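Heads up, the thing below is written out as structure tokens.
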Amino acid sequence: MRTLSLLAVLLVLLLVSHPRNAADAHGHRFGKEKLTNLRFYLHDTLSGRDPTAVPVAHGAGATPRPGDPTPFSTVYVVDDVLTEGPQRTSRVVGSAQGLYASTGRHGLGLVLGIDFALNDYNGSSFVVFSRNPVTDGDGRELAVVGGRGAFRLARGFALLRTHYLNTGNGDAIIEYNVTLLHY
């Protein structure tokens, strides 16, 4: 009797955990994979009375100077506005919150981990964690490594184009063209 009970429990566990019973043919419950293309402008402001990027840590000797507003080893916390067009008065489409660190010893380069929340998708977001070689010009590619809500399990890339960069104070407007695969 004891062996029969153990076999029954094992059979139930096997049936419950089998992919056909727990998920679709691909082994998950998320439905069909979708492709989404997004375009928006990120406004990163380091200057003025209401900056959207604030330095929170830095290495010894890391002081901003003209031409180098984000000195090597400085870490910033950001809460940037995302707009439909490059003008700050354009319709706000979301926000970008996270961190970036200045990692370029011999030029403006950043590594960033930022969550991009979009209003038109009920606050759903995707996450970029990647190196941004700012001085490499337009077409810089950053990795999308995840998402939540409508962008669950997102992966993809963001192509960046600098619309405006003030090398004196670090203020920038960056165009993001994002391609997402998600569920």
Side-chain angles (χ1 to χ4, degrees), residues 30 33-58 64 68-71 74-104 107-183:
F30 301 114
E33 189 171 49
K34 299 172 198 89
L35 174 69
T36 300
N37 292 298
L38 304 164
R39 182 173 164 261
F40 53 81
Y41 291 82
L42 176 140
H43 298 260
D44 193 47
T45 307
L46 281 74
S47 68
R49 287 199 274 188
D50 192 22
T52 63
V54 178
V56 294
H58 60 82
D68 186 16
T70 57
T74 306
V75 177
Y76 296 82
V77 171
V78 299
D79 186 0
D80 291 336
V81 174
L82 307 176
T83 61
E84 193 170 60
Q87 299 78 20
R88 181 57 188 91
T89 55
S90 296
R91 182 175 76 94
V92 173
V93 297
S95 65
Q97 297 178 338
L99 304 166
Y100 62 78
S102 180
T103 57
L108 185 54
L110 308 170
V111 169
L112 47 97
I114 296 180
D115 183 275
F116 290 81
L118 301 173
N119 301 341
D120 291 348
Y121 293 88
N122 295 320
S124 296
S125 69
F126 63 90
V127 176
V128 170
F129 188 88
S130 198
R131 179 176 171 265
N132 180 1
V134 177
T135 55
D136 282 3
D138 294 340
R140 302 181 307 274
E141 185 174 318
L142 278 60
V144 173
V145 298
R148 61 183 173 80
F151 303 126
R152 186 171 289 135
L153 292 176
R155 65 190 189 287
F157 60 94
L159 295 176
L160 278 55
R161 183 180 73 81
T162 301
H163 181 77
Y164 169 80
L165 175 62
N166 182 326
T167 58
N169 64 18
D171 291 354
I173 301 170
I174 309 298
E175 178 183 358
Y176 274 72
N177 285 290
V178 182
T179 299
L180 300 175
L181 288 169
H182 59 93
Y183 293 96

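As the structure is a computational prediction, the values presented were derived from the model and not from experiment.
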query = Taking atom CG of L42 and atom CG of D80, what is their separation to the nearest 0.5 Å?
reply = 4.5 Å
task = Could you tell me whether the side chain of D115 and the main chain of S125 form a donor-acceptor pair under 3.5 Å?
result = no
message = For the backbone of S124 and the side chain of N122, can you confirm whether one donor and one acceptor N or O come within less than 3.5 Å of each other?
response = no
key: Least distance between heavy atoms, N166 atom then P69 atom   = O-CG, 4.5 Å
ask   = For residues D44 and Y100, is any side-chain donor paired with an opposing acceptor at under 3.5 Å?
value = yes
message = Could you check whether atom CZ of F129 has more than 12 heavy atoms from other residues, nucleotides or ligands sitting under 6.0 Å from it?
response = no
Nearest-0.5 Å distance that lies between atom OG1 in T135 and atom CZ in R140 = 8.5 Å
inquiry  = If only side-chain N and O atoms count, and only distance matters, is there a donor-acceptor pair under 3.5 Å linking D79 with T52?
reply    = no
query = Any side-chain heavy atom of F116 within less than 4.5 Å of one from L38?
reply = no
task = Mind listing the closest non-hydrogen atom pair of Y41 and G85 along with its distance?
result = CD1-C, 3.2 Å
inquiry  = Tell me if the CZ atom of R131 is crowded by more than 12 foreign heavy atoms within 6.0 Å.
reply    = no
ask   = Can you tell me if CZ on R152 sees more than 12 non-hydrogen neighbours from other groups inside 6.0 Å?
value = no
remark   = Between L142 and the options N132, L159, L110, the side-chain contact (heavy atoms from CB on, under 4.5 Å) test singles out N132
request  = Return the minimal non-hydrogen interatomic distance between E84 and V93, and the atom names on each side.
outcome  = N-CG1, 3.9 Å
inquiry  = I'd like to know if the side chain of T83 pairs up with that of H43 as donor and acceptor (distance under 3.5 Å, no hydrogens or angles considered).
reply    = yes
ask   = With a 4.5 Å limit on heavy-atom distance, are the side chains of V56 and V75 in contact?
value = yes
Closest non-hydrogen atom pair, L165 against A172 = CD1-CB, 4.0 Å
key: Reported CZ-to-OG1 distance for the pair R155 and T179, which is rounded to 0.5 angstrom   = 12.5 Å
query = For D171 and Y164, which heavy atoms make the closest approach, and how far apart are they?
reply = O-CE2, 3.8 Å
Shortest non-hydrogen contact between V54 and P51, atoms and distance = CG2-CG, 4.1 Å
ask   = Is a side-chain donor or acceptor of S102 paired with a backbone partner of T74 at a separation under 3.5 angstrom?
value = no
inquiry  = Does any part of the side chain of D50, heavy atoms only, come nearer than 4.5 Å to the side chain of T45, both counted from C-beta?
reply    = no
ask   = Does any non-hydrogen side-chain atom of R91 lie less than 4.5 Å from one of D120?
value = yes
task = Drop me the distance from L180's CG to K34's NZ, to the nearest 0.5 angstrom.
result = 11.5 Å
query = Roughly how far, to the nearest 0.5 Å, is OG of S90 from CG of L82?
reply = 12.0 Å
ask   = Are side-chain heavy atoms of Y121 and T36 found at a separation under 4.5 Å?
value = yes
task = For the pair F40 and F126, name the ring-plane relationship: parallel under 30°, tilted 30 to 60°, perpendicular over 60°.
result = tilted
query = How long is the span from the OG1 atom in T162 to the CD atom in E175, to the nearest 0.5 Å?
reply = 10.0 Å
